Amino acid sequence: MKKEKGQFFNDVYEVTKLIPFGRVTSYGAIANYLGAKGNARMVGWALNGAGKYPEVPAHRVVNSQGILSGRHYFGPGDEMKEQLEAEGLMVKDDKIIDFKKHFWDPSTELP
DNA sequence: CTTTTGACGGGGG
DNA sequence: TCCCCCGCCAAAA
């Protein structure tokens, strides 16, 4: 196996990969699950490197507002938005509609 | 080695 | 309600 740059990165990748189809979560929720509550910025930073991992559906991770904070990092266009809509999610103005309904909390869903 | 950034979150004015 | 600032911690330059 390749040597991971950081345990946090790897951890964020795994949690993100566990997000079910048609569900979304927030950076803070993942950070909370990692026990690093408060440093949600680190989650976003970690996902920055996840862009090279197609197995990591980072498009399902948004901020607490349900806004596609880093859609610009996914692709040159609205690739992130397309992905979410393809999963049955409604995105309006880069914001997930009924975000709370589709919200998936790892600390609650995962054992 | 030090300094700055960073896809956030929450609080205060 | 909108705007600004602080904090947390790790990685990259």
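Lettering of chains follows the sequences in order, A, B, ..., and the numbering in each one begins at 1. Computed from heavy atoms alone, side chains included, the values below leave out hydrogens, waters and symmetry copies. Just so we're clear, the structure is a prediction, and the values are computed from it rather than from any experiment.
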**Item:** Donor-acceptor side-chain pairing of A/Glu87 and A/His59 below 3.5 angstrom
**Value:** yes
**Prompt:** Which whole-number value in Å describes the distance from A/Ile30 CD1 to C/dC8 C1'?
**Reply:** 17 Å
**Asked** Taking DNA chain B as the partner, which of residues 64-73 of chain A come within under 4.0 angstrom of it by heavy atom?
**Response** A/Ser64, A/Ser69, A/Gly70, A/Tyr73
**Request:** Could you tell me the separation between the OG1 atom of A/Thr25 and the CZ atom of A/Arg60, rounded to the nearest 0.5 Å?
**Result:** 11.5 Å
**Message:** Donor-acceptor pair, distance only, cut-off 3.5 Å: does the side chain of A/Arg71 make one with the backbone of A/Glu79?
**Reply:** no
**Request:** Please report, rounded to the nearest Å, how far the P atom of C/dA11 is from the CG atom of A/Asn48.
**Result:** 13 Å
**Message:** With rounding to the nearest 0.5 angstrom, report the CD1 to CH2 distance, A/Ile30 to A/Trp104.
**Reply:** 7.5 Å
**Asked** Contacts to DNA chain B from residues 83-98 of chain A, heavy-atom cutoff under 4.0 Å, which residues?
**Response** none
**Item:** A/Arg23: side-chain hydrogen bond (donor to acceptor under 3.5 Å, both in side chains) partners, not counting sequence neighbours
**Value:** none
**Prompt:** How many angstroms lie between NZ in A/Lys101 and CG in A/Leu89, if you round to the nearest 0.5 Å?
**Reply:** 10.5 Å
**Request:** Anything under 4.0 Å to a heavy atom of chain A counts; send over the first and last such nucleotide of DNA chain B, read 5' to 3'.
**Result:** B/dG6 to B/dG9
**Asked** Tell me: CZ of A/Arg41 to C1' of C/dC5, nearest whole Å?
**Response** 11 Å
**Expected output: side-chain A/Asp105 to main-chain A/Ser107 donor-acceptor under 3.5 Å** = yes
**Request:** Take the angle between the ring planes of A/Tyr13 and A/Tyr53 and call it parallel below 30°, perpendicular above 60°, tilted in between.
**Result:** tilted
**Prompt:** At under 4.0 Å between heavy atoms, what does A/Ala58 touch on the DNA or RNA strands: base, sugar-phosphate, or nothing?
**Reply:** base
**Request:** With sequence neighbours left out, write down each residue that passes ring pair (Phe, Tyr, Trp, His ring centres under 6.0 Å) with A/Phe103, or none if nothing qualifies.
**Result:** A/Phe99
**Request:** Sequence neighbours left out, what passes side-chain hydrogen bond (donor to acceptor under 3.5 Å, both in side chains) with A/Asn63? Give chain and number order.
**Result:** A/Ser69
